[in-house]
Amino acid sequence: MKNRIEIDGTNDAVWNSDGARATWNIATLLTIKKDLKIGDSSLITLPTDNVDNIVNNVLGCLKFYIINFEENFTYIVNFNIIELTRIANNEYYKIDI
């Protein structure tokens with residue numbers, strides 16, 4: 001592992017508003033695209049309330065917007081933390097970020 005990038009998603013206000021959630025998801029995608037190099041990992045920390053729903057939302061967003069997600073990233077979920085590691089660099093994104 002080279003670098004570890006921490007992404008804070010613990011602000012409950014993000015998860016209570018569609019607009020705020022969309023903005024956070026786009027910012028997270030941008031961070032992953034720009035800053036996560038092969039061998040790097042990212043710790044995405046999420047709220048502990050409604051954790052299953054929120055984790056599924058984040059993973060669903062990543063898998064939807066990042067084409068070839070499974071070929072380029074591995075992830076481990078530990079309650080409210082997603083550890084995302086880049087293993088290849090062949091993905092592209094459904095949105096222009």
Side-chain angles (χ1 to χ4, degrees):
M1 176 176 42
K2 296 178 184 176
N3 296 310
R4 177 165 286 173
I5 299 167
E6 294 194 23
I7 299 174
D8 182 9
T10 57
N11 182 348
D12 286 333
V14 167
W15 306 105
N16 294 326
S17 161
D18 289 342
R21 183 171 51 251
T23 299
W24 185 88
N25 283 334
I26 297 298
T28 299
L29 287 167
L30 185 59
T31 298
I32 289 167
K33 180 179 179 181
K34 289 177 52 181
D35 299 333
L36 206 62
K37 309 299 181 212
I38 293 177
D40 289 353
S41 69
S42 176
L43 288 181
I44 303 171
T45 306
L46 303 167
T48 56
D49 292 339
N50 200 16
V51 69
D52 291 336
N53 247 1
I54 293 173
V55 166
N56 288 333
N57 175 279
V58 172
L59 290 174
C61 173
L62 296 175
K63 291 176 182 180
F64 180 79
Y65 285 107
I66 302 175
I67 306 301
N68 299 326
F69 176 81
E70 301 285 342
E71 297 170 19
N72 292 284
F73 298 93
T74 60
Y75 64 91
I76 298 169
V77 176
N78 186 5
F79 188 55
N80 70 320
I81 296 174
I82 301 171
E83 182 175 357
L84 181 70
T85 303
R86 180 184 288 279
I87 57 173
N89 204 24
N90 303 319
E91 83 282 358
Y92 62 96
Y93 295 76
K94 285 187 177 180
I95 54 175
D96 186 23
I97 54 173

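Not measured: the values here are computed from a predicted model. Just so you know, residue 1 is the first one in the sequence shown, and it goes up from there.
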Self-check item: Leu59 side chain reached by Ile82 side chain, heavy atoms, under 4.5 Å
Solution: yes
Quiz prompt | Note, Thr48 side chain near Phe79 side chain (heavy atom, < 4.5 Å) | solution = yes
Exercise. Compare all side-chain heavy atoms of Ile87 with those of Ile38 and state whether any distance is below 4.5 angstrom.
Key: no
Self-check item: Nearest atoms (heavy-atom pairs only) where Arg86 meets Ile32
Solution: NH2-O, 3.3 Å
Quiz item: Between Asn80 and Thr45, is any pair of side-chain heavy atoms under 4.5 Å apart?
Solution: yes
Practice problem: Taking Ser42 for its side chain and Ile5 for its backbone only, find out whether a donor-acceptor pair lies under 3.5 Å. | Solution: yes
Quiz item: Do the side chains of Ile67 and Leu29 join up, straight or via other hydrophobic residues, at under 4.5 Å, putting them in one cluster?
Solution: no
Exercise. For Phe73, enumerate each residue passing the ring pair (Phe, Tyr, Trp, His ring centres under 6.0 Å) test, keeping only those at least two apart in sequence or located in another chain.
Key: Phe69
Exercise. May I ask you to test the Thr28-Val58 pair for a side-chain heavy-atom distance under 4.5 Å?
Key: no
Quiz item: Rounded to the nearest 0.5 Å, what separation is found between the CG atom of Asn16 and the CG atom of Asn50?
Solution: 9.5 Å
Exercise. Over all heavy atoms of both residues, which pair between Ala88 and Glu71 is shortest? Give the atoms and the distance, please.
Key: CB-O, 3.7 Å
Exercise. Scan for salt bridge (Lys or Arg N to Asp or Glu O under 4.0 Å) pairs involving residues 11-28, sequence neighbours excluded, and state none if there are none.
Key: Asp18-Arg21
Quiz item: Counting only N and O atoms by type, is there a donor-acceptor contact under 3.5 Å from the side chain of Asn72 to the main-chain atoms of Asn68?
Solution: yes
Self-check item: Side chain proximity check, Leu84 to Leu36, heavy atoms < 4.5 angstrom
Solution: yes
Self-check item: Asn25 vs Asn57, side-chain contact (heavy atoms from CB on, under 4.5 Å): CA-CA, chis, key distance, verdict
Solution: CA-CA 9 Å; Asn25 283 334; Asn57 175 279; 3.7 Å; yes
Quiz item: Where is the tightest heavy-atom contact between Lys37 and Lys34, given as atom of each residue plus distance?
Solution: NZ-O, 2.7 Å
Exercise. Determine, stepwise, if the pair Thr31 / Ile7 fulfils side-chain contact (heavy atoms from CB on, under 4.5 Å).
Key: CA-CA 9 Å; Thr31 298; Ile7 299 174; 4.1 Å; yes
Exercise. Might you confirm whether atom CG of Asn78 has over 12 heavy atoms from other residues, nucleotides or ligands at distances under 6.0 Å?
Key: no
Quiz item: Going only through I, L, V, M, F, W and Y residues with side-chain contacts under 4.5 Å, is there a path from Trp24 to Leu43?
Solution: no
Quiz item: Going from CD on Glu83 to OG1 on Thr74, what distance comes out if it is rounded to the nearest 0.5 angstrom?
Solution: 8.0 Å
Quiz item: With distance as the sole test, does Asn3 use its side chain to make a donor-acceptor pair with the main-chain N or O of Asp40 at under 3.5 Å?
Solution: no
Quiz item: Looking at Ala20 and Ala13, what are the two nearest heavy atoms and their distance?
Solution: CB-O, 4.0 Å
Quiz item: For Tyr75, what residues pass the side-chain hydrogen bond (donor to acceptor under 3.5 Å, both in side chains) criterion, not counting sequence neighbours?
Solution: Lys63
Exercise. Check for a donor-acceptor pair, side chain of Trp15 on one end and backbone N or O of Gly9 on the other, with a separation under 3.5 Å.
Key: yes
